[in-house]
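Values below: all heavy atoms of this structure, side chains included; hydrogens, waters and symmetry mates excluded. Each chain gets a letter, A, B and so on, in the order the sequences are listed, and its residues count up from 1. All values reported here derive from a predicted model rather than from experimental measurement.
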There are 2 protein chains.
Amino acid sequence: MTETDPTQIKGFDRARQAAARALTEDYVEMISDLAAEFGEARITDLAARLGVAHPTATKAVARLKREGLAISRPYRGVFLTEEGEALAETVRARHRVVVALLRAVGVPEEVAELDAEGIEHHVSSRTLAAFEAYLNRKTD
Amino acid sequence: MTETDPTQIKGFDRARQAAARALTEDYVEMISDLAAEFGEARITDLAARLGVAHPTATKAVARLKREGLAISRPYRGVFLTEEGEALAETVRARHRVVVALLRAVGVPEEVAELDAEGIEHHVSSRTLAAFEAYLNRKTD
DNA sequence: CCAAATTTGTAGCCAAAGCTACATTTCGCT
DNA sequence: AGCGAAATGTAGCTTTGGCTACAAATTTGG
């Protein structure tokens, strides 16, 4: 057998775990956005914005409810719990930093928005901190 | 219905497609690495390095073969086709650029390696080009 | 205020990626 | 050469995130 570099495995594992969290983060952020815009998040709007069929959104919301991130009653809108709101704010803040960092190193606005959607879920807290420090230095 | 911002949907779709490509890219890159190190990639080593059970690696290799990226015969090593090697080189080059970019904005070496494993799959060609340009400017 | 349109829920299917358990083949060594 | 260990293959289960089709509830407009 080959000796296996634990750092490498760790990287793949982290990437897989991040991929698993990504869906949750996307839904929570979107519910928060819709609530801000319309006062509530409807399943149909959620599905439309995420580009999936509505039963897919229904299932995802069921999972969020299981995890204590959202609440809802049949035929009524979806709302975030306090914990859900907190997660949404974290995700939104990280998204802003990632977009700003991409812009700062020369990525065009529109591309930055698109790529950030995928990249943000893989940015660890330490990398996020480094991004923030860099942006602060640049701004001074 | 709410009018839906097409840019937003596009971002999520891209993120999902990137997630789907990520596995293929990881396997191809790893096969290439192992081939460079040992002359061939064995299923067991592949599985160990990616942190999965060996039947999982077997299935993934079967998919690569279906897609024309790899070839193998029972109880023999796995090898990349020309197309597979080309993909591996692309992936490896992108990985190097992403790590370099992270390092350049102040992310610690070890963290950069870990996060890059997840981030790289979401870096579009235009963002990659921006990264390269930035690194060139910095180096001058 | 009722019928039609819209929205939501539910059932049931598929594909992908993971796993364990077990069978088979190949390798390494005496 | 042959035997035990290691590697690979295969079967089959689970979970997850998608989908379509259809049923039920709610909203809306005439």
Nearest of [options] to any side-chain atom of [X]?
| X | options | answer |
| --- | --- | --- |
| B:Arg76 | C:dC27, C:dC19, D:dA7 | C:dC27 |
| A:Arg63 | D:dG9, D:dG17, D:dT20 | D:dG17 |
| B:Pro55 | D:dT20, C:dG9, C:dT20 | C:dT20 |
| A:Thr44 | D:dT8, C:dT7, D:dC19 | C:dT7 |
| A:Tyr27 | D:dG18, D:dG9, D:dT20 | D:dG18 |
| B:Lys59 | C:dC19, D:dG9, C:dG9 | C:dC19 |

For [X] and [N], give me the distance from atom [atom1] to atom [atom2], rounded to whole Å.
| X | N | atom1 | atom2 | answer |
| --- | --- | --- | --- | --- |
| A:Tyr75 | C:dT10 | OH | P | 7 Å |
| B:Arg42 | D:dA5 | CZ | P | 18 Å |
| B:Leu23 | D:dT16 | CG | P | 17 Å |
| A:Phe12 | C:dG18 | CZ | P | 12 Å |
| B:Gln17 | C:dA16 | CD | P | 15 Å |
| A:Ile43 | D:dA24 | CD1 | C1' | 16 Å |
| B:Glu25 | C:dA17 | CD | C1' | 17 Å |
| A:Arg73 | D:dT26 | CZ | P | 10 Å |

- prompt: Does C:dT8 have A:His54 stacked on its base, where the ring centres are within less than 5.5 Å and the planes differ by under 30°?
  reply: yes
message: Side-chain N or O of A:Thr56 versus OP1/OP2 of D:dG17: is the shortest distance under 4.0 Å?
response: no
message: Is B:Arg16 close enough to D:dG17 that one of its side-chain N or O atoms is under 4.0 Å from OP1 or OP2 there?
response: no
message: So which atom in A:Leu135 and which in A:Val97 form the shortest heavy-atom distance, rounded to 0.1 Å?
response: CD1-O, 3.9 Å
- prompt: Any Lys/Arg nitrogen of B:Arg49 or B:Asp33 sitting under 4.0 Å from an Asp/Glu carboxylate oxygen of the other?
  reply: no
query: Would you call A:Arg94-A:Glu25 a salt bridge at under 4.0 Å N-O?
result: yes
- prompt: Looking only at side chains, do B:Gln17 and B:His121 share a donor and an acceptor under 3.5 Å apart?
  reply: no
- prompt: Around A:Arg92, counting heavy atoms of other residues, nucleotides and ligands shown, do more than 12 lie under 6.0 Å from its CZ?
  reply: yes
DNA chain C: 5'-proximal contact among B:Pro74 and B:Ala57 (nearest heavy atom): B:Ala57
